[in-house]
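Written out below as structure tokens is the structure these notes cover.
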Amino acid sequence: MTQLSPSPATESLPVTPSPYSPLSSTTNLPTTSSPPAVKVQVGIADPSLSQNDTLVNQLVQLINAVYTVAEEGIFNDVYRRTTPSDLKNLIQTSELALAWISSPNSSDPNSQTSRQYDSPTSKIIGCARVQSLSATHGVFGMLVCDPNHRGSGAGKTLVEFSEEHCKSVLGKTVMQCELLVSTEFEHPFKVRMHSWYQRMGYKVVRIGDFGGEYPHLKPCLVTDVEFRVYEKPL
């Protein structure tokens, strides 16, 4: 599984200031001694990040590595969840939320604040696409967490941030997400995601037409699928 490693590119990543405080989740990452709490913070990536090819490529590797496992048996080997050009477009349109952590032992006064990317001790551990879908609906997708940091609360914090962003910044009243599942076999990851979405307050409102909504991806399918669309009032 691909892991993002600290580099000068990730250390100086800018994040667009939000009109509300960044949402955060606190967890204890495993160490050999009793560790201090590590805070997960989330923000919309600044459009200038699209020029940072090193970091964009690292994010693309992480996203595609996670989705290779999450979509196993659903798509063929040619399928890739995203590309550098697609990710750059999301960043340029302020539609990519990033989750990051900083070393709790850092002496940098900015290391545990919303100016996390001014610190050389920060590390990106996840991301999500956040978009306006209609006058009333926002949608999140491409939700990814570094496998080495699962259990950190990054996924939950990314969803909560996406909901608040759509409500407070974009003026939406409903949040949507989607889940593609095989009708020919039970994928453990998909089962867990369905239960997790329900715990987060989402309900299936319709079964969509995946081939109609994503015609360019239909040829990549290797199984019959059910395209579940979830909604949650904001």
Side-chain angles (χ1 to χ4, degrees), residues 1-4 56-91 95-99 124-134 137-152 154-159 162-163 166 174-232:
M1 185 63 66
T2 302
Q3 177 185 0
L4 287 176
V56 167
N57 289 332
Q58 287 178 331
L59 285 170
V60 168
Q61 285 184 320
L62 173 64
I63 293 165
N64 287 335
V66 169
Y67 268 86
T68 295
V69 176
E71 307 284 15
E72 184 178 6
I74 295 178
F75 290 100
N76 61 26
D77 293 339
V78 177
Y79 169 77
R80 295 293 182 270
R81 180 61 182 84
T82 193
T83 65
S85 61
D86 288 342
L87 199 65
K88 286 182 178 183
N89 287 335
L90 290 180
I91 295 169
E95 295 178 340
L96 188 71
L98 297 173
I124 297 171
I125 63 170
C127 67
R129 185 193 75 240
V130 189
Q131 295 172 303
S132 173
L133 192 62
S134 69
H137 286 56
V139 60
F140 76 84
M142 204 169 69
L143 179 65
V144 166
C145 180
D146 185 326
N148 293 304
H149 292 279
R150 284 179 184 156
S152 66
K156 183 174 184 288
T157 306
L158 277 162
V159 172
S162 300
E163 293 170 349
C166 283
V174 180
M175 197 67 174
Q176 178 176 304
C177 64
E178 303 163 349
L179 187 66
L180 188 68
V181 301
S182 172
T183 59
E184 299 180 32
F185 68 94
E186 186 175 87
H187 195 306
F189 176 82
K190 302 292 185 175
V191 173
R192 291 197 301 272
M193 288 304 296
H194 174 74
S195 297
W196 189 71
Y197 285 153
Q198 289 184 316
R199 291 197 301 272
M200 293 287 288
Y202 287 84
K203 295 181 179 180
V204 177
V205 295
R206 65 182 175 90
I207 302 300
D209 177 11
F210 182 77
E213 296 192 37
Y214 300 98
H216 61 293
L217 294 179
K218 187 175 181 179
C220 297
L221 291 171
V222 295
T223 181
D224 291 333
V225 295
E226 181 177 271
F227 183 46
R228 299 173 186 171
V229 179
Y230 300 72
E231 288 184 1
K232 174 184 177 179

In Å, rounded to the nearest 0.5 Å, how long is the span from [atom1] of [X] to [atom2] of [Y]?
X      : Y      : atom1 : atom2 : result
Phe75  : Tyr67  : CZ    : OH    : 9.5 Å
Glu71  : Leu221 : CD    : CG    : 9.5 Å
Glu226 : Ile207 : CD    : CD1   : 4.0 Å
Thr68  : Tyr79  : OG1   : OH    : 9.0 Å
Cys177 : Leu143 : SG    : CG    : 9.0 Å
Ile74  : Glu184 : CD1   : CD    : 10.5 Å

Above 12 or not: heavy atoms from other molecules or residues under 6.0 Å from [atom1] of [X]?
X      : atom1 : answer
Lys232 : NZ    : yes
Asp77  : CG    : no
Glu72  : CD    : no

Which residue in the set Glu231, His194, Gln176, Met175 passes side-chain contact (heavy atoms from CB on, under 4.5 Å) when paired with Tyr202?
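The residue from Glu231, His194, Gln176, Met175 that satisfies side-chain contact (heavy atoms from CB on, under 4.5 Å) with Tyr202 turns out to be Met175.
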
Could you check whether any side-chain heavy atom of [X] comes within less than 4.5 Å of a side-chain heavy atom of [Y], counting everything from C-beta outward?
X      : Y      : answer
Leu179 : Lys190 : yes
Arg129 : Asp86  : no
Arg81  : Val144 : no
Lys156 : Trp196 : yes
Leu62  : Ile124 : no

